[in-house]
Amino acid sequence: MKSKPRLSRFSVSIPSDVVRRFDQVSKARGYGNRSQALADLLRRELVDHQSHADRHEIAGTVTLVYDHHKRNLQAHLTDIQHDHPGLIIAVLHVHLDHHNCMEVLAVRGRAKAVRALADALGTVKGVKHSKLSVTTTGKEFIR
Ligand code: NI
């Protein structure tokens, strides 16, 4: 049986125009009600905070776009991945066009280690863009 979260009711004071605009955005995004939209907003804030807590276990993706014709670049990126064992759980490589490759790494581990890996890859000369996207491992959120 799926466990249901205990709910808390609370009252907050927020400027009316902020609430009005929040309701508009929530509705446009497809939320059924304000509670659901607000709960998701709070979860995003918690995940964001956890991504900066060094020891917290996070999941996420590192996306890299680079020119695979650049000498040694691909080998360098692979070396860095081998230097961070256990963090990378899957890799997707897409040949975007004749020159450009996109690599998406699914990662899981301590926030500090994941950030260090993303920084190491993203700062390699020749990488055109890199982005670490952090999400939760899902263990702490009941929904
Ligand atoms: Ni490629």
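Note that these values count all heavy atoms, side chains included, but never hydrogens, waters or copies made by symmetry. Please read all numbers here as calculations on a predicted model, not as lab measurements.
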Throw together a table of side-chain donor-acceptor distances under 3.5 angstrom for residues 18-25, partners on residues two or more places apart or in other chains.
{"from": "Asp23", "atom 1": "OD1", "to": "Arg34", "atom 2": "NE", "distance (Å)": "3.0"}
{"from": "Asp23", "atom 1": "OD2", "to": "Arg34", "atom 2": "NE", "distance (Å)": "3.4"}
{"from": "Asp23", "atom 1": "OD2", "to": "Arg34", "atom 2": "NH2", "distance (Å)": "2.6"}

Give the intermediate values and the outcome of side chain to side chain contact (heavy atoms under 4.5 Å, CB included) for residues Thr63 and Leu105. CA-CA 6 Å; Thr63 304; Leu105 286 63; over 6 Å; no
So, does Asn72 use its side chain to make a donor-acceptor pair with the main chain of Ala75 at under 3.5 Å? no
Indicate every side-chain donor-acceptor pair of residues 76-89 with a distance under 3.5 Å to a residue at least two apart or in another chain.
{"from": "Thr78", "atom 1": "OG1", "to": "Gln74", "atom 2": "O", "distance (Å)": "2.9"}
{"from": "Gln81", "atom 1": "NE2", "to": "Glu103", "atom 2": "OE1", "distance (Å)": "3.0"}
{"from": "His84", "atom 1": "ND1", "to": "Ile80", "atom 2": "O", "distance (Å)": "2.9"}

Hey, what do you get for SG (Cys101) to NE2 (His99), rounding to the nearest 0.5 Å? 11.0 Å
Co-members of Met102 in a cluster of I, L, V, M, F, W and Y side chains, linked at under 4.5 Å: Val65, Leu92, Val94, Leu96, Val104
May I have all residue pairs that pass side chain to side chain donor-acceptor pair (under 3.5 Å) and include part of residues 110-127, sequence neighbours excluded? Asp54-Arg115
Side chains of His98 and His69 in contact at under 4.5 Å (non-hydrogen atoms): yes
Residues 37-68 vs ring pair (Phe, Tyr, Trp, His ring centres under 6.0 Å), sequence neighbours excluded, gives none
Set of side chain to side chain contact (heavy atoms under 4.5 Å, CB included) partners for Lys70, sequence neighbours left out: Asp67, Leu73
Contact summary for Ala53 and Ala111, nearest pair of heavy atoms: O-CB, 3.2 Å
Write down the atom of Arg108, the atom of Val114, and the distance for their closest heavy-atom approach. C-CG2, 4.3 Å
Using atom types as modelled, flag every donor-acceptor pair under 3.5 Å from a side chain in residues 129-137 to any protein atom, sequence neighbours excluded.
{"from": "Thr136", "atom 1": "OG1", "to": "Gly138", "atom 2": "N", "distance (Å)": "2.9"}
{"from": "Thr136", "atom 1": "OG1", "to": "Glu140", "atom 2": "OE2", "distance (Å)": "3.2"}

What pairs with Gln36 under side chain to side chain donor-acceptor pair (under 3.5 Å), at least two apart in sequence or on another chain? none
